[in-house]
There are 2 protein chains.
Amino acid sequence: MTASRTARERVRAELTREIVEIARRQLATEGAGGLSLRAVAREMGMVSSAIYRYFPSRDDLLTTLIIDGYNALGEAVERADAAAPGGDFPGRWAALCHAVRDWALAHPHEYALLYGSPVPGYQAPQDTIAPRVRDLRVFGAILSAAQRAGALVPPAAPVEADPALAGEAEASLAELMPGVPGDALLRALSAWTALYGWVSFEVFGQFKGAFEDNRPAFDHMVRALGATIGLTRA
Amino acid sequence: MTASRTARERVRAELTREIVEIARRQLATEGAGGLSLRAVAREMGMVSSAIYRYFPSRDDLLTTLIIDGYNALGEAVERADAAAPGGDFPGRWAALCHAVRDWALAHPHEYALLYGSPVPGYQAPQDTIAPRVRDLRVFGAILSAAQRAGALVPPAAPVEADPALAGEAEASLAELMPGVPGDALLRALSAWTALYGWVSFEVFGQFKGAFEDNRPAFDHMVRALGATIGLTRA
DNA sequence: CAGTCGTCAAGAGCGGTGCTCTCGTTTTCT
DNA sequence: AGAAAACGAGAGCACCGCTCTTGACGACTG
């Protein structure tokens, strides 16, 4: 096993884990801006400079929190999709949407870290691009499967898309959503932005409380979006 | 006129204006987190404590920047809408959308301040709620006018909405969008979240560069959204 | 006109931050 | 066993928001 050749490596891994855990707790309570290396060190009974043995900078700690966040969200989405019947494509889409919203509402500060304003001066490194698209990958799997099953049918009177634009969408999403025609991809992209636009509005408090309970309204939107995409049952 | 009774009041107003201007410049270059009262004071040749004669705290300065931001965005949207032919409701909707996107791309940090993660520990005071909905007010004017002109027609096969939900939407948006039926309001809300979801994705860098130029794709989405809302020419 | 009173910029200072460097100590590797 | 690497602790730098005090200047009033 890879488990801890030397005692030093073992305690190092453990301390690293503990730092991240405390940092995530601070992130959940204080928000991204309130994350303080000194506070983490204080809570661990360490001196602030010792933290730098484990994370070379605050941004590096933020990066692991971001990666963890994308993975947590991606896992939640994958679980929700897996729980829905494979051929019920509108249902899988709805499950995906509710998973995103539920996770975001349960972890607002982490969601803000992922989809809110970028932290000033922070540049996301390459390591984040793979976990970042885990949710999109699930969406792509649903779309591709629906397409293969013949359950992805254009809505009644579609707005015709410029063929060049559709081709560009196909090329750029060929890996994530193979086989899906370009105009469907464009409709899917619109639905995707509506999903995250809604969740961001809700998490960031832009919904002044228009609805007593936002969930039914969200659910209605999600169903309508599914129909707009062209998802039907297999 | 209200203009400056005493010389003291005049210079005070001028200094306040200059502080806000410098702060906005810092906001544009450094982002919200990089806004520093000391830096503003330094640039003005003042001592940091003197700033507090004009703004009791950093948050108060942020509040005026936020209000100014909402007003700038609202003005841009209002201008764009006014420039479009009054009876061309899809065109007015598209003009609104492009105005939002153009303004956001031109002022990414200010957009982040308005629609990104809330500043930690900052609570938006009451003064911000009126400017905050200036864009929505324009959207409401378009919808209400289209409805009055009989140019707001449901799409071919609408997803039926729960009457209670539609009624709740009507009640909560009665002031901003009078006369618009509830199911149309729900479609409009979906389009609204798609609009801001797209812009947020683009400004916050979530679009890895899927398109060489995002504008045509955005324009296509906007047109499709207009059709989904049910907007037609008068 | 003189005096009082409020407003102002300035300075020192408090507690906090991220981060760097050095210094002994301890653990690992050769 | 000795060299090398990793480690925690401490001091220190420059920065931050914010508070309090001090002395000067301008504006109203007797």
Pair A:Ser57, A:Asp60: side-chain N/O donor-acceptor within cut-off below 3.5 Å = yes
Rounded to the nearest Å, what distance is computed from the [atom1] atom of residue [X] to the [atom2] atom of nucleotide [N]?
X	N	atom1	atom2	result
A:Ile51	D:dG10	CD1	C1'	15 Å
A:Arg8	D:dC7	CZ	P	6 Å
A:Glu9	D:dA5	CD	P	15 Å
A:Arg12	D:dA5	CZ	C1'	12 Å

Is the count of non-hydrogen atoms from other residues, nucleotides or ligands lying under 6.0 Å from B:Arg58 atom CZ greater than 12?
-> yes
Around A:Arg132, counting heavy atoms of other residues, nucleotides and ligands shown, do more than 12 lie under 6.0 Å from its CZ?
-> yes
When we call it a touch if two heavy atoms are under 4.0 Å apart, what does A:Leu61 touch: a base, just sugar-phosphate, or nothing?
-> nothing
Would you indicate what B:Tyr54 reaches in the nucleic acid, counting non-hydrogen atoms under 4.0 angstrom: base, sugar-phosphate, or nothing?
-> sugar-phosphate
Restricting both atoms to N or O, compile the protein contacts to nucleotides 14-22 of chain D shorter than 3.5 Å, with distance only.
unit_1, atom_1, unit_2, atom_2, d
D:dC16, OP1, B:Ser36, OG, 2.9
D:dC16, OP1, B:Arg42, NH2, 3.4
D:dC16, OP2, B:Arg42, NH2, 2.6
D:dG17, OP1, B:Leu35, O, 3.4
D:dG17, OP1, B:Leu37, N, 2.8
D:dG17, OP2, B:Leu37, N, 3.3
D:dG17, OP2, B:Arg38, N, 3.2
D:dG17, N7, B:Arg38, NH1, 2.2
D:dG17, O6, B:Arg38, NH1, 2.9
D:dC18, OP2, B:Tyr52, OH, 3.3
D:dC18, OP2, B:Arg58, N, 2.7

Check whether any side-chain heavy atom of A:Arg10 sits under 4.5 Å from a side-chain heavy atom of A:Glu14, and report yes or no.
-> no
Quick one: ring pair (Phe, Tyr, Trp, His ring centres under 6.0 Å) partners of A:His107, sequence neighbours excluded?
-> A:Trp103
If the plane angle is over 60° it's perpendicular, under 30° parallel, otherwise tilted; pick one for B:Tyr115 and A:Phe201.
-> tilted
Would you call the rings of A:Tyr196 and A:Tyr111 parallel, tilted or perpendicular, where under 30° means parallel and over 60° means perpendicular?
-> parallel
N/O donor-acceptor pair under 3.5 Å between B:Trp198 side chain and A:Ser190 backbone = no
Boundaries of the chain A footprint along DNA chain C (any atom under 4.0 Å from a heavy atom) = C:dT17 to C:dC29
